[in-house]
There are 2 protein chains.
Amino acid sequence: MDSIQTRIERSNNMIKIPTIRRLPRYLRVLQSLSSSGREFVSSETLASLLNIKPIVVRKDLAFTGISGKPRVGYSITHLISLIEGTINFKGKNTAFLAGAGNLGSALLGYNGFARHGLDIIAAFDVDPQKTDTTIHGKSIYPLERMPEIASRLNPYIGILCVPEESAQQVADIMIASGIKGIWNFSNKELNVPPDVVLQNEDLGAGLAILSIAIEKSSRP
Amino acid sequence: MDSIQTRIERSNNMIKIPTIRRLPRYLRVLQSLSSSGREFVSSETLASLLNIKPIVVRKDLAFTGISGKPRVGYSITHLISLIEGTINFKGKNTAFLAGAGNLGSALLGYNGFARHGLDIIAAFDVDPQKTDTTIHGKSIYPLERMPEIASRLNPYIGILCVPEESAQQVADIMIASGIKGIWNFSNKELNVPPDVVLQNEDLGAGLAILSIAIEKSSRP
DNA sequence: TAGATTGTTAATCGATTAACAATC
DNA sequence: TAGATTGTTAATCGATTAACAATC
């Protein structure tokens, strides 16, 4: 028999992955609406901007704790603030990045992260040619200095952009450095202890979905 | 009343998004097992390598049409071939890329795409400083030449890496050029006609999931 | 008040998991 | 044959959608 706590948590109120995935999208259109001077927006309008259904919007937004006004909609500035709070895009999420290759360098230069509350505070590489330089204004340190520098800066997130062959090894260094979550851009299946969160970013998955969908739409 | 066809399709046999997302992961561990000389693999082994359950593996692999042998498992080379066929990672998926900034350049230099059967055959940018040069060996053309070059090369996929402000406009040029699917790395919500497939790649979504999971695991 | 929009409750749909028979 | 592993059928779980009452 489940505990009351378990049953309550299962029955309602825990935010769900599909909702979390949509929240940054709401955020972007809301910021755009806000900068055009609008104050309120309906679930109908948000739905049409995201090509989803209004009922999905209302269910999703309920998780942020917002209360909409019948006949008016939701306060845009309030909603922005609540979504940012819900997905931790306020404050600063500090991160280390490992692997300053093509992709790693691109992420170091990605301006969008500021808007997502992510601050890459240091980057690491094994290549002596890259270390002790900066890329897009971020300092690159030798990989072996990660634990030492982490003990001073206390990063939350480790962004892993190294080749598959060294991915597990570098992940282990990140974990030993006290990082709480790994954002894995390598295509290696990583093993991490249960208290470390792992988020895999798999371009192959997106490409496979696209490829199958194109094939299906060409031969209906 | 639904047609018989509709009911058959809904009841069984259509490959599902979660399965499609996992197929590239199977592919990678299978390729690694294959290069270590193994011939057969069980659902149990694959499951433990991907940190999922064996029943999920068996259900997923059924969609590729493979037939496993009780007490032995699945033929690794056969399975690789069937997965590649299922997600179109065999042959060549030809692509145009628009926007040779940080991210676009990184994707031009990404070696993993060859393994995914994706061939970026040309790249485009509005910046005259970038056009008529090459990045990672790929030629960069002025954006306005896309329709003309497309009429010769017939690309399937358009990889969109331009800033949000110009994303819709560039997507429209891709569509006018006859592209069948858009892989959208900009954070713009695009409008595309129903016969064009849209796959959004949203880094904000991954970051939001990671961020909420870290918060939850820190305060249990 | 009338009507538009939210938010809740119930129904449907789809994916995962469990149980177990089939098979080599 | 015995036992391991596949693959099928049924059950459970979770997310989306529909219907509609509440509210401003």
Side-chain angles (χ1 to χ4, degrees), chain A residues 1-2 6-23 25-26 30 33 38-76 78-79 82-83 205 209 212, chain B residues 1-2 6-23 25-26 30 33 38-76 78-79 82-83 205 209 212:
Chain A
M1 176 65 139
D2 297 328
T6 304
R7 273 178 290 155
I8 287 173
E9 273 172 7
R10 197 162 48 211
S11 64
N12 50 17
N13 78 11
M14 255 213 337
I15 192 164
K16 294 164 287 178
I17 300 278
T19 296
I20 299 173
R21 298 193 68 88
R22 285 186 290 263
L23 288 178
R25 299 175 61 198
Y26 296 121
L30 287 166
L33 289 170
R38 269 183 75 161
E39 281 190 61
F40 288 89
V41 66
S42 69
S43 60
E44 177 75 39
T45 302
L46 280 175
S48 86
L49 288 169
L50 266 72
N51 285 309
I52 57 179
K53 311 214 168 141
I55 180 66
V56 175
V57 175
R58 296 203 294 278
K59 275 272 161 81
D60 284 345
L61 299 191
F63 282 108
T64 69
I66 192 137
S67 163
K69 293 190 187 135
R71 296 205 12 98
V72 178
Y74 303 90
S75 156
I76 290 174
H78 190 203
L79 192 46
L82 285 172
I83 292 178
I209 294 171
I212 290 182
Chain B
M1 177 63 140
D2 296 328
T6 304
R7 272 178 290 157
I8 287 172
E9 272 173 8
R10 197 162 49 211
S11 64
N12 51 15
N13 77 9
M14 256 215 336
I15 192 163
K16 294 164 286 178
I17 299 279
T19 295
I20 299 174
R21 298 194 67 87
R22 285 186 289 264
L23 288 178
R25 299 175 61 198
Y26 295 121
L30 287 165
L33 289 169
R38 271 184 75 163
E39 282 191 60
F40 289 88
V41 66
S42 69
S43 60
E44 177 75 39
T45 303
L46 280 174
S48 86
L49 289 169
L50 267 71
N51 285 308
I52 56 180
K53 311 215 167 140
I55 179 66
V56 175
V57 175
R58 295 202 295 278
K59 276 271 160 85
D60 284 345
L61 298 191
F63 282 108
T64 69
I66 192 138
S67 162
K69 295 191 186 134
R71 297 207 10 100
V72 178
Y74 303 89
S75 156
I76 290 174
H78 191 202
L79 193 45
L82 285 173
I83 292 177
I209 294 171
I212 289 182

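Just so you know, these numbers use all the heavy atoms, side chains as well, and skip hydrogens, waters and symmetry mates. Every chain is numbered from 1, with letters handed out A, B, ... down the list of sequences.
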Give the nucleotide from the list [options] with an atom nearest to the side chain of [X].
{"X": "B:Pro70", "options": "D:dT6, D:dG7, C:dT17", "result": "D:dT6"}
{"X": "A:Pro18", "options": "D:dT9, D:dA15, D:dT17", "result": "D:dA15"}
{"X": "A:Lys53", "options": "C:dG7, C:dA15, D:dT17", "result": "D:dT17"}
{"X": "A:Ser42", "options": "C:dT17, D:dG7, C:dT6", "result": "C:dT6"}

Between atom [atom1] in [X] and atom [atom2] in [N], what is the gap in whole Å?
{"X": "A:Lys59", "N": "C:dA11", "atom1": "NZ", "atom2": "P", "answer": "13 Å"}
{"X": "A:Phe40", "N": "C:dT6", "atom1": "CZ", "atom2": "P", "answer": "12 Å"}
{"X": "A:Ile66", "N": "C:dT6", "atom1": "CD1", "atom2": "C1'", "answer": "12 Å"}
{"X": "A:Leu79", "N": "C:dT6", "atom1": "CG", "atom2": "P", "answer": "11 Å"}
{"X": "B:Arg58", "N": "C:dC20", "atom1": "CZ", "atom2": "P", "answer": "14 Å"}
{"X": "A:Phe63", "N": "C:dG7", "atom1": "CZ", "atom2": "C1'", "answer": "13 Å"}
{"X": "A:Ile20", "N": "D:dT16", "atom1": "CD1", "atom2": "P", "answer": "12 Å"}
{"X": "A:Ile52", "N": "D:dA15", "atom1": "CD1", "atom2": "P", "answer": "16 Å"}

Matching residue for B:Arg25 among B:Leu49, B:Ile83, B:Leu50 - test: side-chain contact (heavy atoms from CB on, under 4.5 Å):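 Result: among B:Leu49, B:Ile83, B:Leu50, B:Leu50 is the only option passing the side-chain contact (heavy atoms from CB on, under 4.5 Å) with B:Arg25.
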Test item: B:Arg22 and B:Ile52 side chains (from C-beta on) under 4.5 Å apart, heavy atoms: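 The answer is yes, as the side chains (C-beta and beyond) meet within the 4.5 Å cut-off.
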Compare all side-chain heavy atoms of A:Ile66 with those of A:His78 and state whether any distance is below 4.5 angstrom.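 Heavy-atom side-chain distance check passes, below 4.5 Å.
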Who does C:dC13 pair with, Watson-Crick or G-U, both distances under 3.5 Å?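 Checking every strand shown, C:dC13 finds its partner in D:dG14, with both distances under 3.5 Å.
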Can you tell me the pairing partner of C:dA4 across any strand shown, Watson-Crick or G-U wobble, with both distances under 3.5 angstrom?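 With both distances under 3.5 Å, C:dA4 matches D:dT23.
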Over all strands shown, is B:Thr19 touching base, sugar-phosphate only, or nothing at heavy-atom distances under 4.0 angstrom?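 Answer is nothing: B:Thr19 stays at 4.0 Å or more from every strand.
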Counting the atoms with a prime plus P, OP1 and OP2 as sugar-phosphate, which does A:Arg22 contact under 4.0 Å by heavy atoms, base, sugar-phosphate, or nothing?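 The residue A:Arg22 makes sugar-phosphate contact but no base contact.
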So, does B:Ser43 get its side chain near the phosphate of D:dT5, meaning an N or O under 4.0 Å from OP1 or OP2?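 False: B:Ser43 side-chain N/O out of range (4.0 Å or more) of D:dT5 OP1/OP2.
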Phosphate-side-chain proximity, A:Ser67 and C:dG7, N/O vs OP1/OP2 below 4.0 Å: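 Indeed, a polar side-chain atom of A:Ser67 lies that close.
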Tell me which of B:Lys69 and A:Ile55 sits closer to the 5' end of DNA chain D, going by the nucleotide each one is nearest to.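 The answer here is B:Lys69.
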Is there a side chain to side chain contact (heavy atoms under 4.5 Å, CB included) between A:Thr45 and A:Arg38 once you walk through the steps? CA-CA 12 Å; A:Thr45 302; A:Arg38 269 183 75 161; 4.3 Å; yes
Which distance, rounded to the nearest 0.5 Å, do you find between the CG of B:Leu23 and the CD1 of A:Ile212?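 Here the interatomic distance stands at 6.5 Å.
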